[in-house]
> 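Would you mind keeping the following structure in view while I ask a few things?
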Protein chains: 2
Amino acid sequence: MTVGDQAPHRRVTIRDVAVAAGVSVATVSKVVNGRDGIAASTSARVMGVVDELGYETSLIASSMRKSRTQVIGVFVAEFEPFAQQLLQGVSYALRDTQYDILAYAGSVSAGDHAGWERRSLSRLGGTLVDGAIIVTPTVNLDETSVPIVAIDPHTGPTGPAVIDTDNFGGARMATEHLISLGHRRVAHLRGRTDLVSAQRREDGFRAAHADAGLAVDDTLIFDGGYRASLATRAIGEMLDRDDRPTAVFAANDMTALEVIRIATERGLRVPEDLSVIGFDDLPAAAGNRPGLTTIRQPLHEMGVSAVRLLLSMLDGGATEHIRMPAELVLRDTTRAPGASA
Amino acid sequence: MTVGDQAPHRRVTIRDVAVAAGVSVATVSKVVNGRDGIAASTSARVMGVVDELGYETSLIASSMRKSRTQVIGVFVAEFEPFAQQLLQGVSYALRDTQYDILAYAGSVSAGDHAGWERRSLSRLGGTLVDGAIIVTPTVNLDETSVPIVAIDPHTGPTGPAVIDTDNFGGARMATEHLISLGHRRVAHLRGRTDLVSAQRREDGFRAAHADAGLAVDDTLIFDGGYRASLATRAIGEMLDRDDRPTAVFAANDMTALEVIRIATERGLRVPEDLSVIGFDDLPAAAGNRPGLTTIRQPLHEMGVSAVRLLLSMLDGGATEHIRMPAELVLRDTTRAPGASA
DNA sequence: CTGTTAGCGCTTTCAC
DNA sequence: GTGAAAGCGCTAACAG
């Protein structure tokens, strides 16, 4: 610990500039913020010192006094592929605006995993960010200090502004696809059952069966919890059954990929022996070999829409609920049953 | 939840808690921060109010007084795939620590694109974040107020702590691969020539030729600037030549993918008529059809290493320069010339 | 044990 | 035009 205890590089503050320019702190502030009522000569001198010293106003300090910071917050539980795709859309949409992006993953520390969205919001909202986009929040967010838009909230479209995907329709489409291929024993690997998105997907799965006049075999429904690690066991059981399903609709891509992994381990070929379809269309779905057939959520567009909506709200616009369409993306992991090579 | 509903949506501050608990602001602060020297009864009462009011300490305000915030900053120019892969590694490595991640893209607003790293650092460093990881900075960062580690700095390994990839070795490997396949007219689509990483890759390209006793045809070297949009024109020229190259080594995946796109547009088949190899191994490389053969930078691992190094520096450890190995990833876009189907 | 007093770096009245 | 003063929400001495 005997390193730089000397505090070698204190950041240059507004006071340093003021002293160097021979003016008051207040004057520097005005110059830097382009307020008028400052002599041109003074302004020029101060700017000179600013450049010379490399002064940058502290976002933190100024955010405590200002109302607008020109920063949009994106709060996520974790930087996983789903959130990242969204973030890319947000980033893209904010490119030509005056806003900076601050993405915060505030549930890193174990323990109170739940409520990360409320916590992040309290810690940064109202001060550091002008508005926030919250990715898959699992609690209701009302009475927030800044405008927020929730993307795919797991509690359903309850908050004021939300962007989500047609989970029910997408799931029905996935299941229909399997059924139309001729599959009659199709399993469903559910998501986190405490989340609406997972429930909607299960509903869609059932609806497709009903539409086709087929009965759902409830023993073919397994819990995958949206995470590969949580799904592994259930997948094993599913594939070890004597009357193994010929196809499976996994509630998201991560668990669908896990199905493929386990199936391959068991010596099963996908799609010859088992058809698999996922949900999300993460980059990993396209990157997998064989390419994962899945239901696409337009993540990028959702990020863009979230920005547009938030910006309009920041401008006094009304909240909205935007539902994006889901789309079937055919790749290589589904085919008719028994159509072995 | 019937507390202070008269107030609009002002965030609840430490003062609100103090008043409600009938103690001083300082006492609340001590309780919340677990300082000792507080009566158990007082502590309990305050905590009760905290829960009831849903108080969360403002990261901003406390960061102005505290030295440690338990937040690591990741500064990027933009949230593009390259940065995102890194971010995932960082996120992964920070999972089980007490640190939160704050990713900041501070060059969104057009204009002063350059110097974003310095700007972000000045605006957030020293106060909001305990340390920072900077992704592909293009300026030298010394005299910073907090420990930083640079990932793949485009100015070369000059800063105190840097993680980078063996650009020279990787480029040589890529070119060797093409040459060993039998290609004799191989083009190089350079990156941003003002950046060392791009220079190293060109050097590697030339070295591979020298090793094989081959001369480099300088007219086969084009500028791609690392961005698809900047490369389009040059690629057109390259492919419209009468003595079109049989293979091309693009300085990164984004431009390699653009080569494939343009080639396909021209009616050329990849790899039958043209072999293409990239650099980076972004998810898009694996996701592309045909899969892009490329040189892999272990982005995830680099993120992890950056965290480890930063954490150790935060703990008084010394700076380091870590060079990661590049690796050839064979997919579907390279094959022997003239081996048409 | 607890409250009072200073600020952190900045912006914003409001005098001069 | 410019500066002095009053905070923003919080923590860190220092008194009581």
Side-chain angles (χ1 to χ4, degrees), chain A residues 7 10-46 50 53-71 121-130 145-146, chain B residues 7 10-46 50 53-71 121-130 145-146:
Chain A
R10 211 176 48 78
R11 53 172 286 127
V12 10
T13 77
I14 196 173
R15 170 173 272 109
D16 300 326
V17 176
V19 171
V23 294
S24 77
V25 173
T27 300
V28 176
S29 175
K30 284 171 192 154
V31 171
V32 168
N33 290 289
R35 299 275 174 280
D36 41 32
I38 294 289
S41 61
T42 313
S43 182
R45 180 155 39 95
V46 171
V50 165
L53 263 43
Y55 169 74
E56 287 286 354
T57 143
S58 161
L59 179 58
I60 284 75
S62 68
S63 79
M64 285 190 65
R65 301 285 308 158
K66 285 219 262 234
S67 40
R68 303 289 294 246
T69 56
Q70 298 293 63
V71 176
L121 213 45
S122 306
R123 304 239 300 163
L124 303 177
T127 2
L128 229 207
V129 301
D130 289 345
S145 43
V146 292
Chain B
R10 212 176 47 77
R11 54 173 285 127
V12 11
T13 76
I14 197 173
R15 171 172 273 110
D16 300 328
V17 176
V19 171
V23 295
S24 75
V25 170
T27 300
V28 177
S29 175
K30 283 172 193 153
V31 171
V32 169
N33 290 290
R35 300 275 174 283
D36 41 32
I38 295 288
S41 61
T42 312
S43 180
R45 180 156 39 95
V46 171
V50 164
L53 263 41
Y55 169 74
E56 288 285 354
T57 145
S58 161
L59 180 57
I60 285 75
S62 68
S63 78
M64 285 191 65
R65 302 288 309 159
K66 286 221 266 230
S67 41
R68 302 290 292 246
T69 56
Q70 299 293 60
V71 177
L121 212 45
S122 306
R123 305 239 300 162
L124 303 178
T127 2
L128 230 207
V129 302
D130 289 345
S145 43
V146 292

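In what follows, every heavy atom counts, from backbone to side chain, and hydrogens, waters and symmetry copies are set aside. Just so it is clear: chains get the letters A, B, ... in the order the sequence lines come, proteins before strands, and each one is counted from 1.
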> For B:Thr27, check side-chain hydrogen bond (donor to acceptor under 3.5 Å, both in side chains) against everything at least two apart and list the hits.
B:Ser24
> For A:Leu124 and D:dC10, give me the distance from atom CG to atom P, rounded to whole Å.
13 Å
> Figure out the CD1/C1' separation between A:Ile60 and D:dG9, and round it to whole Å.
14 Å
> If I take atom CZ in residue A:Arg65 and atom C1' in nucleotide D:dG9, what distance separates them, rounded to the nearest angstrom?
11 Å
> In whole Å, what is the span from the CZ atom of A:Arg45 to the P atom of D:dG1?
14 Å
> Could you tell me, to 10°, how much the axis swings from one end of the helix from C:dC1-D:dG16 to C:dC16-D:dG1 to the other, five pairs per end?
50°
> Once you round it to whole Å, what is the distance between P of D:dA5 and CD1 of A:Ile14?
17 Å
> To the nearest 0.5 angstrom, please state how far the OG atom of A:Ser122 sits from the CZ atom of B:Arg11.
6.0 Å
> Partners of A:Ala44 by side-chain contact (heavy atoms from CB on, under 4.5 Å), sequence neighbours excluded?
none
> Specify the separation, in whole Å, of atom NZ of A:Lys66 and atom P of D:dG9.
17 Å
> Determine the minimum heavy-atom distance between A:Ser58 and A:Ala61, stating which atoms define it.
OG-N, 3.1 Å
> To check you understand the geometry: which heavy-atom pair defines the closest contact between A:Ile60 and B:Met64, and what is its length?
CG2-CG, 3.5 Å
> Just the rounded figure in Å: distance from C1' of D:dG7 to CE of B:Met64.
11 Å
> Just so I know, are the side chains of B:Val32 and B:Ile14 near enough to count as touching, which here means a heavy-atom distance under 4.5 Å?
no
> Just jot down the side-chain contact (heavy atoms from CB on, under 4.5 Å) partners of A:Thr69, sequence neighbours excluded, or say none.
A:Leu59, A:Ser63, A:Val71, A:Asp130
> Using a cut-off of strictly less than 4.0 Å between a heavy atom of the residue and any atom of DNA chain C, enumerate the qualifying residues of residues 23-33 of chain B by number.
B:Val23, B:Ser24, B:Ala26, B:Thr27, B:Lys30
> For B:Ser58 and for A:Ser43, find the nucleotide of DNA chain D with the closest heavy atom, then tell me which residue's nucleotide is more 5'.
A:Ser43
> Pair up each side-chain donor or acceptor in residues 16-23 of chain A with any protein partner under 3.5 Å, not counting sequence neighbours, and list the distances.
| from | atom 1 | to | atom 2 | distance (Å) |
| --- | --- | --- | --- | --- |
| A:Asp16 | OD1 | A:Arg10 | NH2 | 3.2 |
| A:Asp16 | OD2 | A:Arg10 | NH2 | 3.2 |
| A:Asp16 | OD2 | A:Thr13 | N | 2.8 |

> What are the 5'-most and 3'-most nucleotides of DNA chain C lying under 4.0 Å from any heavy atom of chain B?
C:dC1 to C:dG9
> Which salt bridge (charged side-chain N to carboxylate O under 4.0 Å, His left out) pairs, counting each pair once, include a residue from residues 55-65 of chain B, with sequence neighbours left out?
none
> B:Arg35: what forms a side-chain contact (heavy atoms from CB on, under 4.5 Å) with it, not counting sequence neighbours?
B:Lys30, B:Asn33
> For DNA chain C, whose closest nucleotide is more 5', that of B:Ala39 or that of A:Thr57?
B:Ala39
> Return the value, rounded to whole Å, for the distance between atom CZ of A:Arg123 and atom C1' of D:dC10.
12 Å
